[in-house]
Amino acid sequence: RDTVVATPAYSYYDKEYLCAVKIGTPPQTLPLDFDTGSADLWVFSSETPSSSVSMGKAIYNPKNSSTAKLVTGATWALTYGDGSSSSGDVYTDNVTIGGLNVAAQAVESAQKVSSQFAGDTALSGLLGLAFGTANQVKPAVKTFFDNIRPALPLPIFTVNLKKGAPGSYNFGYIDTTQYTGALTYTPVTPRYSLWEFGISGFSIGTAIKNSTVIDAVADTGTSLLLLPLSIVKAYYAQIAGSSYSTNYGAYVYPCNITPPDFNFYIGTAKQVVPGRYMNYGYISNTQCYGGIQSQGTLMFSLFGDIALKAQFVVFDASVPRIGWANK
Ligand SMILES: N[C@H]1[C@H](O)[C@@H](Sc2ccccc2)[C@@H]2OC[C@H]1O2
């Protein structure tokens, strides 16, 4: 039974959520972005070029850990959906999250990071919570969740992100005080080693349900809610004064308007993303960046933080399946 606080970084628009992770002996604490959309635990380290390490950023230094061991010959390289990338070598070391400890967890040390990571002054790395088959270390290593799973009462973790406030990741149990109503589960098909599921339909504001199966991935490492272009257009058609900004490559809307709710259905259960959650930030004192954007050529929709922060979500590896509840 373990809980860890997820604090929004850049909290004026909740770009990402970071959790304190202790690595090494004595422990070195780093804020990591728990990412259900990838499966590698990598960190800024003493091996990361200093020009890529922003002032004050916490880094992992294996030389200061009596339990660090280099995994000879192991390497890793990642390119994420947003084009960011990182790569390096691998250590094993003690990793503790909340009260859960893995003695010889693979910790991937960054010897190279792309500009998106170098420019991110908040995070010190990522902790992947997708299925282990997505891990990019050669030869492959286990994810934190795969290592800790046998020690958990249930093979699950839950995600309770919040708008502009700290939420939590819980491992091994469901805290029923974190949601309202019922949890509704639907199967996960990990064909890309991701938490991929189907929604049975959607509705905008108070309109009736549009029954259409949509293939989606629950991704805590993605900030926005990315949907098929037809749905995105129908959504912004409900907001007077909204438009597609070629400057930003995104839909924007007048900040003084509260957008409609976006509702998605798990089976017959209606899951609500309130319109007040849709402001992803001011781009001027009148225009705001919409939280819903097009998934473009992606083969699935991406339920990122804009949707996740409105929900309580159970990532259950036993079936696998995913459970959703309003809160
Ligand atoms: N699963 C996601 C991942 O966590 C991020 S990597 C990232 C980059 C910069 C800042 C924070 C995180 C990237 O965007 C979508 C997909 O890839």
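Numbering of ligands and ligand atoms starts at 1, following listing order. The structure presented is a predicted model; accordingly, all values stated were derived computationally and were not measured.
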Heavy atom of the protein closest to [atom] (residue, atom name, distance):
atom                    : value
atom 9 (C) of ligand 1  : F117 CE2, 3.7 Å
atom 3 (C) of ligand 1  : D35 OD2, 3.5 Å
atom 17 (O) of ligand 1 : Y80 CB, 3.0 Å

Does K309 come within less than 4.0 Å of D14, counting only side-chain N to carboxylate O?
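Salt bridge between K309 and D14, a charged N being under 4.0 Å from a carboxylate O: yes.
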Flag D219 as yes when one of its N or O atoms lies below 3.5 Å from any N or O atom of ligand 1, and as no otherwise.
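Yes, since at least one N or O of D219 sits under 3.5 Å from an N or O of ligand 1.
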Quick check on contacts: which atoms of ligand 1 are under 4.0 angstrom from a heavy atom of [X]?
X    : answer
E16  : 10 (C), 11 (C)
T222 : 2 (C), 15 (C), 16 (C)
D120 : 10 (C)

Side chains of [X] and [Y]: do they bring a donor and an acceptor to under 3.5 Å?
X    : Y   : value
N61  : Q28 : no
N101 : T96 : yes
S65  : D93 : yes

Ring of F44, cation from K57 - is the NZ or CZ under 6.0 Å from the centre and inside 45° of the axis?
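Flagged: K57 positioned over aromatic ring of F44.
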State whether Y265 and K209 meet the cation-pi test: NZ (Lys) or CZ (Arg) under 6.0 Å from the six-membered ring centroid, and within 45° of the perpendicular axis.
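Checked: cation-pi criterion met.
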For N147, check side chain to side chain contact (heavy atoms under 4.5 Å, CB included) against everything at least two apart and list the hits.
V102, Q105, K142
Looking only at non-hydrogen atoms, which of V113, L302, D33 approaches atom 12 (C) of ligand 1 most closely?
D33
With a cutoff of 4.0 Å, is S84 in contact with ligand 1, counting heavy atoms of the residue only?
yes
